[in-house]
Q: 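Can you keep this structure in mind? I'll have questions shortly.
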Amino acid sequence: MVVLTMNRPERHNILDIEMTDALVSETSALARDDKVGAVILTGAGPHFSLGGPLDEFDAVLGDADDAVRAHWLRRTEVLATLVENLYTMPCPVIAAVHGQAAGAGFSLALACDVRVASDRAKFNFGYGALGSSTDGGMSWLLPRVLSPAKALELLLEQPVIRAARAHAQGLVTTVVPAADLHEHALEVATGLTRSARHSVTAAKRLVRDSAFATLTEHMRNEHRVFAEGMLTDDMRHALAARRRGELPTFGSA
């Protein structure tokens with residue numbers, strides 16, 4: 001498994017050009033590496049990520065309207081690639097959130113498959129306080145993690161969601177003491193690498209694609225993927241183990 005750490009603690013891991021470009025490069029490489037069984041995304045220092053760079057917002061606002069619009073369309077295209085890389089990663093991606101996940105940093109956490117949080121974590125929309133709208137796919141991801149009605153309620157109210165409330169609402173799967181977060185994330189990642197790789201990648205792809213298909217279309221796709229799985233080494237290994245009266249093991253098991 002790979003621990004991918006946003007390592008600009010002095011800048012609270014804001015998603016400036018350098019950080020976003022680096023994350024795109026790393027996640028693109030990880031997506032191509034079939035030896036990676038799970039990825040943990042976290043941040044160094046007191047916060048997961050405080051989102052967009054406010055100093056960059058200030059720096060371009062004095063430009064002409066067309067220049068400001070063009071600048072942010074270019075910048076958010078890179079952010080979109082990062083979010084898509086996380087969301088479509090073939091292996092499970094776990095966000096280990098401590099401190100604040102704010103704005104686009106919150107979006108990165110939502111793009112991961114599993115979110116674990118320290119008891120000091122806070123999920124902060126932050127957009128309303130800036131007079132801004134969402135970015136990083138938040139308005140698409142949040143309704144899928146929660147429900148459309150609950151997502152809209154939160155996007156309208158924009159509360160700061162502390163760890164206990166995030167857990168109660170289903171934003172995160174577990175909350176642990178801050179000192180235990182890294183170890184817990186590793187335990188979760190280890191558990192997720194014990195399944196056959198085809199089972200994991202197929203589950204991610206099928207659940208992701210189900211939102212865009214009818215039941216008939218989805219089952220056709222599901223059964224095609226099932227048939228592909230019959231040809232994998234993991235399937236042959238599992239059947240051979242069962243013929244011996246043993247339980248098959250995969251990955252890190």
Q: Testing the basics here: between Arg165 and Leu154, what is the closest heavy-atom pair and its distance to 0.1 Å?
A: NH2-CD2, 3.8 Å
Q: Between Arg11 and Asp55 (salt bridge meaning N to carboxylate O under 4.0 Å), is one present in this structure?
A: yes
Q: Taking all non-hydrogen atoms of both residues into account, name the closest pair between Leu141 and Ala111 and its distance.
A: CD1-N, 3.9 Å
Q: Keeping Ser49 on the side-chain end and Leu15 on the backbone end, is there a donor-acceptor pair under 3.5 Å?
A: no
Q: CZ of Arg120: more than 12 outside heavy atoms within 6.0 angstrom?
A: no
Q: Is a side-chain N or O of Thr232 found less than 3.5 angstrom from the main chain of Glu228, in a donor-acceptor match?
A: no
Q: Honestly curious: do Val200 and Ile94 fall in one hydrophobic cluster under the side-chain, below-4.5 Å linking rule?
A: no
Q: Between Arg8 and Glu10, does any side-chain N to carboxylate O distance fall below 4.0 Å?
A: yes
Q: Is His98 reaching over with its side chain to a backbone N or O of Gly43, donor-acceptor style, under 3.5 angstrom?
A: yes
Q: Taking atom CD of Glu183 as the centre, does the number of heavy atoms from other residues, nucleotides or ligands within less than 6.0 Å exceed 12?
A: no
Q: Tell me, please, which residues at least two apart from His237 pass ring-ring contact (aromatic ring centres under 6.0 Å, His included).
A: Phe250
Q: Please determine whether the number of non-hydrogen atoms from other residues, nucleotides or ligands lying under 6.0 Å from atom CZ of Arg236 exceeds 12.
A: yes
Q: Drop me the distance from His223's NE2 to Leu206's CG, to the nearest 0.5 angstrom.
A: 9.5 Å
Q: Please enumerate all residues that pass ring-ring contact (aromatic ring centres under 6.0 Å, His included) together with Tyr87, with sequence neighbours excluded.
A: Trp140
Q: Just verifying a value: how many Å separate Leu4 CG and Leu86 CG, rounded to the nearest 0.5 Å?
A: 8.0 Å
Q: Run the side-chain contact (heavy atoms from CB on, under 4.5 Å) test on Leu110 and Leu171 for me, step by step, so that the C-alpha distance in whole Å, both residues' side-chain angles and the decisive distance to 0.1 Å come before the verdict.
A: CA-CA 8 Å; Leu110 290 171; Leu171 273 174; 3.9 Å; yes
Q: One thing to verify: whether Lys150 and Glu153 come together as a salt bridge, which I'm taking to mean a side-chain N less than 4.0 angstrom from a carboxylate O.
A: yes
Q: Could you tell me whether a side-chain N or O of Asp135 sits under 3.5 Å from a main-chain N or O of Gly103, the two making a donor and an acceptor?
A: no
Q: One pair to check against side-chain contact (heavy atoms from CB on, under 4.5 Å): Arg74 and Val78. What are the steps and the verdict?
A: CA-CA 7 Å; Arg74 288 193 303 272; Val78 182; over 6 Å; no
Q: Counting only heavy atoms not in Arg144 (residues, nucleotides, ligands), do more than 12 fall under 6.0 Å from its CZ?
A: yes
Q: Is a side-chain N or O of Ser118 found less than 3.5 angstrom from the main chain of Leu181, in a donor-acceptor match?
A: no
Q: Is it true that, when you exclude Leu156 itself, more than 12 heavy atoms of the residues, nucleotides or ligands shown sit nearer than 6.0 Å to its CG?
A: yes
Q: Do any N or O atoms from the side chain of Ser210 and from the backbone of Val207 form a donor-acceptor pair under 3.5 angstrom?
A: yes
Q: If hydrophobic residues (ILVMFWY) are linked whenever their side-chain heavy atoms come closer than 4.5 Å, directly or via other members, who joins Ile14 in its cluster?
A: Leu50
Q: Using the rule given for side-chain contact (heavy atoms from CB on, under 4.5 Å), can you reason through Val114 versus Leu192, listing the C-alpha separation, both sets of side-chain angles and the distance that settles it, and then say yes or no?
A: CA-CA 10 Å; Val114 177; Leu192 294 176; 4.3 Å; yes
Q: Let me know which of Tyr127, Phe48, Phe125 forms a side chain to side chain contact (heavy atoms under 4.5 Å, CB included) with Phe106.
A: Phe125
Q: Look at the side chain of Ser25 and the backbone N and O of Asp21, then say whether any donor-acceptor pair between them is shorter than 3.5 Å.
A: no
Q: For Val175 and Asp119, which heavy atoms make the closest approach, and how far apart are they?
A: CG1-CA, 3.6 Å
Q: Atom CG in Leu41, atom OG1 in Thr5: separation rounded to 0.5 Å?
A: 8.0 Å
Q: Specify the closest pair of heavy atoms between Pro9 and Gly45, including all atoms of both residues, with the distance to one decimal.
A: CB-CA, 3.7 Å
Q: For the atom pair NE2 (His167) and OG1 (Thr174), what is the distance rounded to the nearest 0.5 Å?
A: 6.5 Å
Q: Tell me if the CG atom of Asp65 is crowded by more than 12 foreign heavy atoms within 6.0 Å.
A: no
Q: Under the 3.5 angstrom rule, does the side chain of His198 hit a backbone N or O of Val225 as a donor-acceptor pair?
A: yes
Q: If we ignore hydrogens and angles and just use 3.5 Å, is the side chain of Thr20 paired with the main-chain N or O of Ile17 as donor and acceptor?
A: no
Q: Over all heavy atoms of both residues, which pair between Ala163 and Val172 is shortest? Give the atoms and the distance, please.
A: O-CG2, 4.3 Å
Q: Can you measure from CE (Met138) to OG (Ser133) and round to the nearest 0.5 angstrom?
A: 11.0 Å
Q: In Å, rounded to the nearest 0.5 Å, how long is the span from CG of Asp209 to NE2 of His218?
A: 8.0 Å
Q: Show the nearest heavy-atom pair for residues Val93 and Lys204, with the distance to one decimal.
A: CG2-NZ, 4.3 Å
Q: Kindly determine whether Leu82 and Leu108 satisfy side-chain contact (heavy atoms from CB on, under 4.5 Å), including the steps that lead there.
A: CA-CA 8 Å; Leu82 170 57; Leu108 294 192; 3.7 Å; yes
